[in-house]
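Protein chains get the first letters and strands the later ones, always in sequence-line order, with residue 1 at the start of each.
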Amino acid sequence: MSHETVLHKVRTALGRTAAQSVEALPPARLLVPEMDVEARIRSFCERVEALAGKTHRAHSAQDARDYASRVIAGRTAIASNATILSECGITSLPGVQAGFTDRDELRALCSSAACGITGADYALADTGTLVLLSSLHEARLISLLPPVYIAVVERNRLLTGLDELLTILPRPAEQTSSMVLITGPSRTADIEQILVRGVHGPGEIHVVVV
Amino acid sequence: MSAAFDEKIHETLTDPKLQLAIYKATGRLVEERRKSIEPDVCPDYQELRTHAHAIKRHTIEHLDHYLEEFTRQVEAHGGQVIFSKDAEEASDFVLSLAKERRAHLIVKSKSMTTEEIDLSERLEHHQLESVETDLGEYIIQLAHERPYHIVAPALHKTREQVADLLTERLGVPRETVIEKQTMIARAVLREKFLAADIGISGANFLVADSGTVVIVENEGNARLTTSAPRIHIAVAGIEKLIPRAQDLAVFLKLLGRSATGQRLTVYTSFLSGPKRGDEIDGPDEFYVVLLDNGRTKLLADRGKRQSLYCIRCGACLNHCPVYRKIGGHSFPWVYSGPIGAILIPQFLGVRHEPGLPFASSLCGACAEVCPVKIDIPRILLELRSEVKKAEAREGAGRLERLAFRIWAWVMRHPRIYEMAGMAAASLAPSESAGWVRHAPFNVGPLRAWLSQRDLPPPAAKSFRQLWRER
Ligand code: SF4
């Protein structure tokens, strides 16, 4: 189609020629502060709660499992294939279905389940953000379709913030087709600026730090 | 100033409810932004702006290079890049793909670029159902209107108006509680997401070094749009490029804060190609439509090309004393406020709405809040002198000016306006259920105005007729 036409117009407008070299790009600006794990956890939990999310610091796998069980409260849930979830015994809780690798099956369950449960590849302390990379362990829809969302994060996965994430993963595209940053429950303020949670994604979010 | 512009301004100024709605909404956004950039929460805010400006400047100055790199990277990840010179080419691509894949239902997430090219309208002309899924955009689509604000498209609608719309268009019982209205929309749209064949999104950033489309949002509708259907098409202007994923450390912090006062929006998606071998879900096909549509014309102007740095945060609208009075629909295109005032003349020509660059007090608030430091007041001044020059040059503009004057005169004389309305009624489809899409008489501003939106079908009897018959 217009590939060459548009590129040609761009070059003409800029007075450049094809394959002309590029001046040095200003260096990336990434600042990673010093922050111990304890401070990261505190900041992370504070931020999640400020966005009306719930947090729980689990001192054992059993504790994480019990917390998840209380949130699920006898409802149906779908869990991702993250190792942390089976390690904590969350995948074997009553009502929890897991182990899906088929897209259609997963989609059908995600659209009927009350709760979605995932791990997290990383979490960002300064914004209260969960970072999920789509893979055979994590599907996109589990953190999105069910109205209640539970994420289980290992404490050593807590980064200081976005700058550290992009230092570790300078090109997320090399790892996955989809990386998503989740900061609090789904929300809108499109009618009269009134805040409503859970418009399309989950309105309730629980983060368990193990 | 054209009479149509004049008239829309007048309408907005004399509607006290609308005035209050604009004032409250923009005021709240101003306040949220202020809190989020205070030195104790964002000590390096000014450095971020300086850096963002430098990165944008570098990218735009070498745009051809980054477009090529982006294309290579998308292809390396199994996606496809389509360059379109205008609205028609962009929509033709979507149409032919939809036809090939036998698609019927399209879900869309909020995108000013697709508004700019009237994509939904074009698709619906070809019997495709195209549903806006951002709550504000959905309301606007139900109302057959244009977005009122770059970030908050339904800013001007009250809960009562939304209640009427939902009842009228969806046949649901009248509901005025905002939470419940939201849940009605959620249920309708959830069905659409699960049934859709194609998802169309915009892009906040296109990352050259990794072929990534970055989308920020709060609702989750963009994630659903780009994850549930088997085909994802992102439509974006060529100016959306940034060199590296690492540059997002700067841009994401600025965008959330400037738009709504959020440190990060609820969801930020980094999308790079279709679902990969071992991944469980995601689209099988991934396309990025890169749109020129006049951007290369802007690019050629050294002094004003910085208009293309805009990241559509809406901060300049919220802080503009003029926007806060005249609102979004007074502007003759999808982009409004200070950024609209500099983009419209450059995209559509300075004579399209000669009054625009003058509808500013040059107070400088826009430049002060712009996260990428676009010098909007200086560009406005340049455009003012271009308007003056064009007017002096143009003898041929006389006819058009006459049409404007007639239109102004008609609008100011209610009896004649009523007659024009009756003429419209007689020309509308007989059952009067259709919306008027073509101007019954050929007056410039009305025709141009209708090309952007529909008028409700004229009532069989006008209010004034009924009043006299009492
Ligand atoms: S011109 Fe600047 S302030 Fe206005 S919308 Fe664009 S980026 Fe935001």
Side-chain angles (χ1 to χ4, degrees), chain A residues 1-3 5-7 9-14 16 18 22-23 25-26 28-30 100-103 106-107 111 126-127 129 134-136 139-141 144 162-163 166 170-174 176-194 196 198-201, chain B residues 25 28 51 54-55 58 62-65 67 77 82-85 89 135-136 154 158-159 162 178-179 181-182 186 194 209-212 218-221 223-224 227 243-247 249-250 252 263-264 266-276 278-282 292 296 299-300:
Chain A
M1 289 243 274
S2 291
H3 190 130
T5 323
V6 174
L7 277 177
K9 278 189 178 174
V10 170
R11 285 193 202 105
T12 314
L14 293 169
R16 285 174 49 84
V22 174
E23 285 162 35
L25 169 64
R29 186 180 186 280
L30 297 166
F100 296 96
T101 51
D102 179 78
R103 171 165 57 187
L106 176 103
R107 206 169 126 124
S111 39
D126 68 348
T127 47
T129 302
S134 184
S135 69
L136 100 170
R140 302 181 186 202
L141 294 181
L144 188 54
L162 187 58
D163 292 40
L166 292 169
R171 296 180 193 205
E174 285 170 2
T176 178
S177 75
S178 160
M179 174 170 91
V180 62
L181 315 185
I182 303 176
T183 311
S186 151
R187 58 186 261 181
T188 185
D190 277 350
I191 308 173
E192 293 189 14
Q193 307 271 302
I194 303 288
V196 182
V199 51
H200 288 295
Chain B
R28 199 191 131 250
H51 198 79
I55 297 279
H58 171 92
H62 304 91
L63 191 57
D64 55 323
H65 170 82
L67 285 167
H77 294 126
I82 296 93
F83 283 78
S84 329
K85 66 176 189 312
E89 260 193 23
L135 181 63
T158 62
R159 68 189 80 187
V162 173
I178 292 173
E179 285 77 7
Q181 293 177 334
T182 306
R186 174 189 158 107
L194 294 174
D209 76 352
S210 30
T212 301
N218 283 322
E219 297 186 358
N221 66 305
R223 283 187 71 198
L224 280 162
S227 298
R244 297 163 294 213
Q246 291 192 329
D247 295 320
V250 171
L252 291 178
R263 297 185 190 193
L264 274 183
V266 176
Y267 301 114
T268 307
S269 299
F270 292 59
L271 304 167
S272 320
K275 157 188 182 310
R276 299 187 189 169
D278 55 352
E279 291 172 6
I280 304 161
D281 55 2
D292 178 349
T296 46
L299 200 59

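Under the 4.5 Å side-chain criterion, counting only non-hydrogen atoms from C-beta, V250(B) is not in contact with I55(B). For the pair T127(A)/L162(A), no side-chain contact is recorded, criterion being any heavy-atom separation below 4.5 Å from C-beta on. No side-chain heavy atom of T212(B) sits less than 4.5 Å from a side-chain heavy atom of M179(A).
Residues forming a side-chain hydrogen bond (donor to acceptor under 3.5 Å, both in side chains) with R244(B) (at least two apart in sequence, or on another chain): D247(B). In terms of the side-chain hydrogen bond (donor to acceptor under 3.5 Å, both in side chains) criterion, S134(A) has no residue partners (sequence neighbours excluded).
Both the backbone and the side chain of H62(B) have a heavy atom closer than 4.5 Å to some heavy atom of chain A. Looking at D292(B), the atoms closer than 4.5 Å to chain A (heavy atoms on both sides) all sit in the side chain, from C-beta outward. Both the backbone and the side chain of S269(B) come within contact range of chain A, with heavy atoms under 4.5 Å apart. Within the 4.5 angstrom heavy-atom criterion, only side-chain atoms of R16(A), from C-beta onward, approach chain B. Interface remark: R223(B) contributes backbone and side-chain atoms alike to the contact with chain A (heavy atom separation under 4.5 Å). Only the side chain of L67(B) has a heavy atom closer than 4.5 Å to any heavy atom of chain A.
Among L141(A), T129(A), T12(A), the residue making the largest number of heavy-atom pairs under 4.5 Å with chain B is L141(A). Heavy-atom pairs under 4.5 Å with chain B were tallied for A173(A), G201(A), S177(A); the largest tally goes to S177(A). Your options are D102(A), L14(A), V10(A), L136(A), and the one with the most heavy-atom pairs under 4.5 Å with chain B is L14(A). Interface summary for chain B: among L25(A), T101(A), L7(A), the most heavy-atom pairs under 4.5 angstrom belong to L25(A). For the set K9(A), R103(A), E23(A), the entry with the most heavy-atom pairs within less than 4.5 Å of chain B is R103(A).
A salt bridge is absent between K275(B) and E279(B): the closest approach of a Lys/Arg side-chain nitrogen to an acidic carboxylate oxygen does not fall below 4.0 angstrom.
Considering all non-hydrogen atoms of both residues, P170(A) and A245(B) come closest at O-CB, 3.3 Å.
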